[in-house]
Amino acid sequence: QIQLVESGGGLVQAGGSLRLSCAASTRTFNNYVMGWFRQAPGQDREFLVSIRYTPTNTAGGDSVKGRFTISRDNAKKMVYLQVSDLQPEDTAVYYCAARPSTLSTYTSWGQGTQVTVSS
């Protein structure tokens, strides 16, 4: 059982950066693989990056291209997404997600935070 709340989205000009935050409420945070997804209007949800409780155990989707960095603070039960060199095509709702480490499918989702990149 886990509850996720994203924050940090907003309007940014092309070339700018944002750090999104995800606060997790759970008794067993280190049992979850945490991930970030995004969904643009009319598009499918897209996987970006994920991280296990070990600091260097991360994975990224094909669209990351070096611009997305995920991190987590297990003591604070926080997950972060640092995005650099934002472009208009990055405009989407960004979601924090969680899955038990024993599963391959994400089972819990935050409400999302809107990121809008202007040109």
Side-chain angles (χ1 to χ4, degrees):
Q1 187 172 342
I2 187 170
Q3 185 178 14
L4 306 173
V5 180
E6 304 96 333
S7 62
L11 177 64
V12 63
Q13 292 184 337
S17 299
L18 283 175
R19 190 181 78 158
L20 307 182
S21 299
C22 174
S25 297
T26 178
R27 297 178 182 177
T28 55
F29 183 63
N30 61 347
N31 290 341
Y32 289 93
V33 177
M34 305 300 299
W36 285 96
F37 294 74
R38 69 182 179 185
Q39 187 168 27
Q43 301 295 109
D44 291 334
R45 188 170 55 200
E46 177 187 17
F47 169 74
L48 296 173
V49 285
S50 66
I51 186 170
R52 291 180 177 266
Y53 65 87
T54 53
T56 60
N57 193 350
T58 63
D62 293 337
S63 64
V64 173
K65 298 180 180 179
R67 298 188 297 115
F68 297 83
T69 301
I70 189 172
S71 61
R72 68 189 289 167
D73 186 329
N74 291 329
K76 297 180 179 179
K77 298 181 180 180
M78 295 287 293
V79 185
Y80 306 97
L81 179 68
Q82 182 72 39
V83 187
S84 62
D85 193 25
L86 283 160
Q87 301 298 314
E89 55 264 34
D90 294 318
T91 296
V93 177
Y94 284 70
Y95 294 93
C96 179
R99 63 175 175 87
S101 61
T102 56
L103 300 180
S104 60
T105 302
Y106 286 86
T107 57
S108 301
W109 300 85
Q111 299 180 68
T113 184
Q114 176 71 46
V115 173
T116 302
V117 184
S118 63
S119 59

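Atom set for the values below is all heavy atoms of this structure, side chains included, hydrogens, waters and symmetry mates excluded.
- Rounding to the nearest 0.5 angstrom, the gap separating the CD atom in Gln82 from the CD1 atom in Ile70 is 12.0 Å.
- Val115 and Tyr80 fall into different hydrophobic clusters, where Ile, Leu, Val, Met, Phe, Trp and Tyr side chains are chained together by heavy-atom contacts under 4.5 Å.
- Two residues are said to be in side-chain contact when any heavy atoms from C-beta on lie closer than 4.5 Å; Cys96 and Met34 meet this criterion.
- For the pair Thr91 and Gln114, the minimum side-chain heavy-atom distance is below 4.5 Å.
- Ring pair Tyr106/Phe37 is perpendicular by interplanar angle, where above 60° counts as perpendicular and below 30° as parallel.
- Judged by distance alone, with hydrogens and angles left aside, the side-chain atoms of Arg67 form a donor-acceptor pair with the main-chain N or O of Ser84 at under 3.5 Å.
- Using modelled atom types, one side-chain atom of Asn74 and one backbone atom of Tyr53 make a donor-acceptor pair closer than 3.5 Å.
- Counting all heavy atoms, side chain and backbone alike, Gln87 lies closest to Ala14 at OE1-CB, 4.4 Å.
- For the atom pair OG1 of Thr28 and CD of Gln1, the computed distance is 9.5 Å after rounding to the nearest 0.5 Å.
- Atom CG of residue Leu48 and atom OH of residue Tyr94 lie 6.5 Å apart, to the nearest 0.5 angstrom.
- In this structure, Arg45 CZ and Gln39 CD are separated by 6.5 Å, a value rounded to the nearest 0.5 Å.
- Checking Trp36, Phe68, Tyr95 one by one against Leu20, the side-chain contact (heavy atoms from CB on, under 4.5 Å) holds for a single residue, Trp36.
- Formation of a donor-acceptor pair under 3.5 Å by the Glu6 side chain with backbone atoms of Cys22 is not found in this model.
- Sparse packing is recorded around CD of Gln3, with 12 or fewer heavy atoms of other residues, nucleotides or ligands lying under 6.0 Å away.
- Shown are Leu103, Ile51, Ile2; of these, the side-chain contact (heavy atoms from CB on, under 4.5 Å) with Tyr32 is made only by Ile2.
- The nearest pair of heavy atoms linking Pro100 to Thr107 is CD-OG1, 3.5 Å.
- The distance from atom OG of Ser118 to atom CG of Leu11, rounded to the nearest 0.5 Å, is 5.0 Å.
- A donor-acceptor distance shorter than 3.5 angstrom exists from the side chain of Thr113 to the backbone of Gly9, with no hydrogens or angles considered.
- Leu81 is listed as a side-chain neighbour of Val49, based on a closest heavy-atom distance under 4.5 Å.
- Atom CD in Gln111 sits 12.0 Å away from atom OG in Ser7 (nearest 0.5 Å).
- Taking hydrophobic clusters as Ile, Leu, Val, Met, Phe, Trp and Tyr residues chained together by side-chain heavy-atom distances below 4.5 Å, Met78 does not share a cluster with Val33.
- The shortest non-hydrogen separation linking Ala59 to Phe47 is O-CZ, 3.9 Å.
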